Structure formats: C-alpha cells, structure tokens
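Note that this is a predicted model, so its numbers are computed, not measured. So that the names make sense, note that chain A is the first sequence line, chain B the second, and so on, each numbered from 1.
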Amino acid sequence: SSELTQDPTVSVALGQTVRITCQGDSLRNYYASWYQQKPRQAPILVICDKNNRPSGIPDRFSGSSSGNTASLTITGAQAEDEAEFYCYSRDSSGDHWVFGGGTKLTVL
Amino acid sequence: QVQLVESGGGVVQPGGSLRLSCAASGFIFSNYGMHWVRQAPGKGLEWVAFIEHDGSSKYNVDSVKGRFTISRDNSKNTVNMQMNSLRVEDTAVYYCARRRCSSGCAPGDWLDPWGQGTLVTVSS
C-alpha cells in the first residue's frame with residue numbers, strides 16, 4: 001500500500017478552482033512534487049520544491065504544504081487540465097521514494 | 001535539449017531476464033542521480049530504483065530486491081537496469097527520470113525530465 005494517500009477522483013467545473021491533496025507522514029519532513037499524466041503520455045512535472053513551477057507550466061498551478069498534507073491547487077481549471085495527477089516524495093526512511101495512488105481530475 | 005530515451009523493453013517469459021537502458025543527452029549526466037519508475041497497465045506510478053550520480057549509492061523498492069540491479073556508465077551517459085527472475089506482475093511501462101534537487105536534496109527532490117518509457121511484458 002502507498003505511504004502517500006490521494007483521493008482517487010476529483011471533479012471541477014470549467015474555470016473554477018480545485019485542490020488535490022496528498023497525505024503522508026513523510027510529508028512532515030520532505031516536500032512533495034506533483035506530476036500530470038495524460039493518457040498514453042509520460043508524466044510531466046508541474047510543481048517541485050513545494051511550490052515552484054517549471055518553465056512552461058501555467059501559473060494557475062500552485063502547491064502548498066501543511067503538516068502531513070501537500071496540496072496542488074488549480075485556479076481556473078481548463079479543459080486541457082483533465083488528467084491523472086500524482087504526488088511524489090521520499091518515504092519515512094528517507095532512502096526510498098513513493099508516489100501517491102493518483103487522482104483523476106475531471107473538468108466538467 | 002535535455003532528453004532521456006529508454007530502450008530494451010519487450011516480451012519475456014516468467015523467470016526470464018531483460019536489460020533496460022536509458023540514454024541521456026543535453027545535460028552533464030555525471031552530475032545527476034537517476035531513477036527508474038514503472039507503471040503497470042491501468043495502474044499508478046511506482047518508484048523502482050535509484051542510483052546516485054557517481055554510482056556510490058543504490059536503492060530499490062522491496063518488491064524487486066535481489067532481482068533488479070541498477071547501474072550507470074557515466075562515460076556513455078547511460079543508466080541501466082538488469083531485470084532477472086521476471087514475474088507477471090513486473091509487466092509495466094518503465095520510465096527513467098532525472099533526479100533534481102534543491103538545498104542539497106534535503107528536504108525535497110523531484111523527477112524532471114522523464115523518458116517516453118519502454119514496455120516490458122512478462123507472459124507465458
């Protein structure tokens with residue numbers, strides 16, 4: 001079982017704001033990063049180092065963290081944001097890594 | 001540009017072996033740790049293995065310990081994974097990804113970029 005827990009599905013109306021969360025004890029010590037994966041494509045990084053966006057990622061994507069929970073927020077969701085989102089961090093041992101189970105985002 | 005290209009996937013019988021390779025270009029390969037991540041059909045991402053930039057440290061997920069070995073050749077800009085005693089449950093797309101860090105890799109690191117993946121199918 002994954003040490004990082006995500007809600008399996010989340011939906012948002014077009015143009016509205018959605019938050020995707022990731023819970024795990026290791027997040028008290030390590031930052032999470034977030035990845036977007038569309039069908040039949042490799043994942044791409046959308047948030048790193050808790051709240052930094054790589055170049056090319058729209059500024060509607062942001063990250064935050066509190067206690068054992070990391071969050072990815074999309075402010076003004078677009079149709080092209082529909083995808084699977086994964087959080088990623090180290091596990092509690094510090095020398096293994098783990099992904100959350102993934103959240104499928106539907107934009108209505 | 002920064003690029004990772006995996007190769008070596010294919011169909012193999014249970015108990016068989018495969019060697020995956022990942023060719024890196026567009027960056028100083030010897031400065032970066034590298035990971036392998038897999039994704040079974042219709043399932044989520046699973047971290048598999050990591051090797052430090054100089055090969056000094058290696059880590060595996062428990063389910064592949066003793067069967068998969070990660071290695072690298074910094075003179076050829078490649079990271080490899082030797083997979084032995086393959087099982088049906090190892091069937092997946094295997095991605096290599098570069099490790100990026102800030103602040104000496106504590107408290108955070110991330111994966112960027114990823115390769116396009118190579119499919120491994122273990123079936124009789």
Side-chain angles (χ1 to χ4, degrees), chain A residues 1-9 22 24 26-57 63-65 70 72 83-104, chain B residues 1-6 9 22 27 32-52 56-65 68 70 92-119:
Chain A
S1 63
S2 175
E3 294 186 36
L4 297 178
T5 302
Q6 298 181 238
D7 291 330
T9 61
C22 173
S26 64
L27 298 180
R28 298 183 185 279
N29 300 311
Y30 300 106
Y31 293 149
S33 52
W34 290 91
Y35 303 84
Q36 179 189 51
Q37 187 180 33
K38 296 182 179 180
R40 295 171 297 283
Q41 295 184 15
I44 63 167
L45 176 72
V46 294
I47 292 291
C48 59
D49 214 14
K50 190 165 80 171
N51 190 20
N52 286 327
R53 279 176 293 105
S55 62
I57 301 300
S64 62
S65 183
L72 172 70
E84 193 86 23
F85 289 87
Y86 295 91
C87 60
Y88 168 82
S89 186
R90 297 197 208 195
D91 74 357
S92 301
S93 73
D95 59 12
H96 284 61
W97 288 261
V98 63
F99 287 92
T103 297
K104 181 173 174 55
Chain B
Q1 77 277 24
V2 176
Q3 192 172 16
L4 300 171
V5 179
E6 302 95 336
C22 170
F27 63 100
Y32 293 90
M34 297 294 295
H35 290 269
W36 285 98
V37 174
R38 68 184 178 183
Q39 186 169 37
K43 303 297 185 182
L45 300 172
E46 180 183 31
W47 172 77
V48 176
F50 169 76
I51 185 166
E52 194 54 88
S56 59
S57 297
K58 305 175 186 181
Y59 304 104
N60 288 332
V61 70
D62 288 348
S63 59
V64 308
K65 270 192 172 58
F68 291 11
I70 190 171
V93 174
Y94 285 75
Y95 298 98
C96 66
R98 182 179 67 170
R99 182 197 197 193
R100 298 282 314 272
C101 302
S102 66
S103 305
C105 294
D109 56 352
W110 57 91
L111 304 171
D112 183 53
W114 298 56
Q116 86 288 351
T118 187
L119 176 62

Region of A:Gln41 in contact with chain B, defined by heavy-atom distances below 4.5 Å
backbone
Mind checking whether B:Trp110 and A:Tyr31 have side chains closer than 4.5 Å, heavy atoms only?
no
Between B:Trp47 and A:Asp91, is there a side-chain donor-acceptor contact under 3.5 Å, judged purely by atom types and distance?
no
Of all heavy-atom pairs between B:Pro107 and A:Asn29, which one has the smallest distance, and what is that distance?
CB-O, 3.4 Å
Between A:Asp95 and chain B, which part of the residue has a heavy atom less than 4.5 Å away: side chain, backbone, both or neither?
both
Determine which residues belonging to residues 111-118 of chain B lie within contact range of chain A, meaning some heavy atom pair is under 4.5 Å apart, and list them by number or answer 'none'.
B:Leu111, B:Asp112, B:Trp114, B:Gly115, B:Gln116
Of the backbone (N, CA, C, O) and the side chain (C-beta and beyond), which part of B:Val93 lies under 4.5 Å from a heavy atom of chain A, both, or neither?
neither
Quick check: closest heavy atoms across A:Trp97 and B:Arg99, and the distance to 0.1 Å?
CZ2-NH2, 3.9 Å
As an exercise, state the distance from CG of B:Asp109 to SG of A:Cys48, rounded to the nearest 0.5 Å.
10.5 Å
What residue in A:Pro43, A:Ala42, A:Gly102 has the most heavy-atom pairs under 4.5 Å with chain B?
A:Pro43
Minimal heavy-atom distance between B:Tyr95 and A:Gln37, with the atoms involved, is OH-NE2, 3.5 Å
Any side-chain heavy atom of B:Gln39 within less than 4.5 Å of one from A:Tyr86?
yes
A quick test of your reading: do over 12 heavy atoms of other residues, nucleotides or ligands sit less than 6.0 Å from NZ of A:Lys38?
yes
In this structure, CG of B:Asp62 is separated from NE2 of A:His96 (nearest 0.5 Å) by 5.0 Å
Does the plane of the ring in B:His35 sit parallel, tilted or perpendicular to the ring in A:Tyr88? Use 30° and 60° as the thresholds.
perpendicular
